[in-house]
Protein chains: 2
Amino acid sequence: MVANTEAPLTQAERKALSDQCMLDAAVRLIVERGPEKTTLKALGEAAGYSRGLVTYRFGSKAGLFKAVIKRVSERFGQEVDAAVAGSTGIDAVLAAAETYYRFVLRSPKDIRAMQILFHSAAEPGSSLTEVVNRVHARQRAQVAEWVAAGQRSGAINPKLCAATFAARFCAYTLGMTFYWMLDSRSIQWEQAHQDFKVSIQQQLAA
Amino acid sequence: MVANTEAPLTQAERKALSDQCMLDAAVRLIVERGPEKTTLKALGEAAGYSRGLVTYRFGSKAGLFKAVIKRVSERFGQEVDAAVAGSTGIDAVLAAAETYYRFVLRSPKDIRAMQILFHSAAEPGSSLTEVVNRVHARQRAQVAEWVAAGQRSGAINPKLCAATFAARFCAYTLGMTFYWMLDSRSIQWEQAHQDFKVSIQQQLAA
DNA sequence: AAGATACTTGCTATCGACAAGTAAGTATAT
DNA sequence: ATATACTTACTTGTCGATAGCAAGTATCTT
């Protein structure tokens, strides 16, 4: 988490290192104290630098947070792509659900940080709105594509509106993650996931 | 929104009036600039008082926001009770969904403000966590009750887990509201609602 | 050695919340 | 009835802490 202070590095390496440290520090501090109470001073120190580096590198605190969203959502997107591989239709949707379920268990801090940033995008005047909206629009479009493909192949109920199902699928995931964050004990994360898969199959079945 | 300056009021009336003005101002400012950027100064002025009154009356800014959550969620709860009336099972669940759908259209500012406050409850160390968690636990329990009653009367699929369905139902609602706030154009609020009702019936059918 | 890039420090306006103050309403004694 | 003591409603002074800019220093590159 703290910058390495050994052997001389190239400028590019220095930059890459400090970027990495700052993004890690951001995730950690967002989860520990929330974005607003995460001060530039704390971010700099947690990353092993000064309070000024965040603003210099990312333009502002919000700029750093945007970078966090991009990094985590990109990593998640890659995992989904890998899990879905070539499959479409119901299988693809189930694989995506499964991937998210596991991602939350494996990287709870990343998910917590990202969800907190998603939330802040819903506040008026937030500079994260556009990025976050793009991330979610993309996710919904991807799900809708799988469903549409399944409909063309006859495996999925043709009466269903692919876009609306996709929104429902993604909205559920967001809401459930919110509950999980609020009080992980009050929600049966695993059972909810299993029941959700059953519900998906039921909803999509031709 | 601004305190009345006419005829002398009793202490109780003065208090009720200023409380009302402050709660209204809070909703307005949360929707206009978000909770963090809503300053005590702005709250006081918008309500027609000084910057000190919020702290004096509600203890802190967060105290005022708690009161906002209580007020709006209570009002929504009453509307649900009225709409559901005596019905149970699928009808009760559909009536609750319908009530929320309409509440959002009729009082978008109240919903926006409340959802923003819900979000802030998911941040670490938030003093709203407990209140918000209680509100949502209660909503889920209520939905689960309707479902369980429907199962006892044989109208709802007995294999379903009532609590898990309730969580799914409420999580969807939260997530969809988030999308609606993020970009109301990208979401077909009405179609999503209609499809949701069909999906509920399908999921609950015996 | 000179320029470019990575990073730090000085500064200003603004914030929330506490403490101390003032104004307005209420109770009691004559 | 009205003056005085008291309580409650509300305001203002103050303090430490904040984000982000401008101007500086350290480190790498050519």
Side-chain angles (χ1 to χ4, degrees), chain A residues 1-23 25-26 29-30 32-67 120 123 125-128, chain B residues 1-23 25-26 29-30 32-68 117 120 123 125-128:
Chain A
M1 214 66 84
V2 168
N4 190 342
T5 53
E6 298 184 16
L9 302 169
T10 66
Q11 300 276 53
E13 284 169 336
R14 276 178 83 185
K15 190 172 176 173
L17 176 63
S18 61
D19 270 14
Q20 191 61 45
C21 290
M22 307 251 279
L23 289 168
L29 291 175
I30 287 169
E32 279 172 13
R33 20 176 132 167
E36 300 287 344
K37 284 179 187 167
T38 292
T39 65
L40 296 176
K41 184 165 168 266
L43 279 167
E45 284 173 3
Y49 298 86
S50 77
R51 68 189 164 77
L53 188 54
V54 169
T55 308
Y56 169 74
R57 181 65 49 73
F58 296 94
S60 66
K61 205 165 72 163
L64 170 60
F65 292 165
K66 262 188 226 179
S120 83
E123 296 191 10
S126 166
S127 57
L128 301 182
Chain B
M1 215 65 86
V2 168
N4 190 341
T5 52
E6 297 185 17
L9 303 170
T10 67
Q11 301 274 51
E13 284 169 337
R14 276 178 83 185
K15 188 174 176 174
L17 176 62
S18 62
D19 270 14
Q20 191 61 47
C21 290
M22 306 251 279
L23 289 167
L29 291 175
I30 288 169
E32 279 172 11
R33 20 177 133 167
E36 302 287 345
K37 283 180 187 165
T38 292
T39 66
L40 295 177
K41 183 163 170 269
L43 279 167
E45 283 173 3
Y49 298 87
S50 79
R51 67 191 163 77
L53 188 55
V54 170
T55 309
Y56 170 74
R57 181 65 50 73
F58 295 94
S60 65
K61 205 167 71 163
L64 170 61
F65 292 166
K66 264 188 225 180
V68 169
L117 295 176
S120 82
E123 297 191 7
S126 167
S127 57
L128 301 183

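What you see below is based on every heavy atom in this structure, not just the backbone, and it leaves out hydrogens, waters and symmetry mates. Proteins come first, then strands; the chains are lettered A, B, ... in the order of their sequence lines, and each starts at number 1.
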Can you measure [X] atom [atom1] to [N] atom [atom2] for me and round it to whole angstrom units?
X	N	atom1	atom2	answer
A:Leu43	D:dA19	CG	P	8 Å
A:Leu64	D:dG20	CG	C1'	14 Å
B:Leu17	D:dT8	CG	C1'	16 Å
A:Leu9	D:dA26	CG	P	19 Å

Quick one: closest heavy-atom pair of [X] and [Y], and the distance?
X	Y	answer
B:Ala46	B:Ala25	CB-CB, 3.8 Å
B:Glu123	A:Gly34	OE1-CA, 4.1 Å
B:Val68	B:Ala26	CG2-CB, 3.7 Å
B:Leu128	B:Leu117	CD1-O, 3.9 Å

What distance do [X] atom [atom1] and [Y] atom [atom2] have between them, rounded to the nearest 0.5 Å?
X	Y	atom1	atom2	value
B:Phe58	B:Leu40	CZ	CG	12.0 Å
B:Ser50	B:Lys41	OG	NZ	11.5 Å
A:Thr55	A:Leu43	OG1	CG	9.5 Å

Report for the helix from C:dA1-D:dT30 to C:dT30-D:dA1: angle between first-end and last-end helix axes, five pairs each, rounded to 10 degrees.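 What I find for the helix from C:dA1-D:dT30 to C:dT30-D:dA1 is an axis angle of 0°.
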With sequence neighbours excluded, tell me which residues meet side-chain hydrogen bond (donor to acceptor under 3.5 Å, both in side chains) with A:Glu36.
->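 Applying side-chain hydrogen bond (donor to acceptor under 3.5 Å, both in side chains) to A:Glu36 gives none.
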Expected string for nucleotides 1-8 of chain C under the B/S/- scheme (protein heavy atoms, under 4.0 Å, primed atoms plus P, OP1, OP2 as sugar-phosphate) is ----BBBB
Below 3.5 Å between N/O atoms, which protein atoms pair up with nucleotides 16-18 of chain D? Just atom names and distances, please.
none

So, using side chain to side chain contact (heavy atoms under 4.5 Å, CB included) as the criterion, who are the partners of B:Ala42 when residues are at least two apart?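 If we apply the side chain to side chain contact (heavy atoms under 4.5 Å, CB included) test to B:Ala42, skipping adjacent residues, the hits are B:Leu29, B:Arg33, B:Thr39.
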Q. Which pairs pass side-chain hydrogen bond (donor to acceptor under 3.5 Å, both in side chains) with one or both residues in residues 56-67 of chain A, sequence neighbours excluded?
A.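 Checked against side-chain hydrogen bond (donor to acceptor under 3.5 Å, both in side chains) - neighbours excluded - the pairs reaching residues 56-67 of chain A are A:Ser18-A:Arg57, A:Asp19-A:Arg57.
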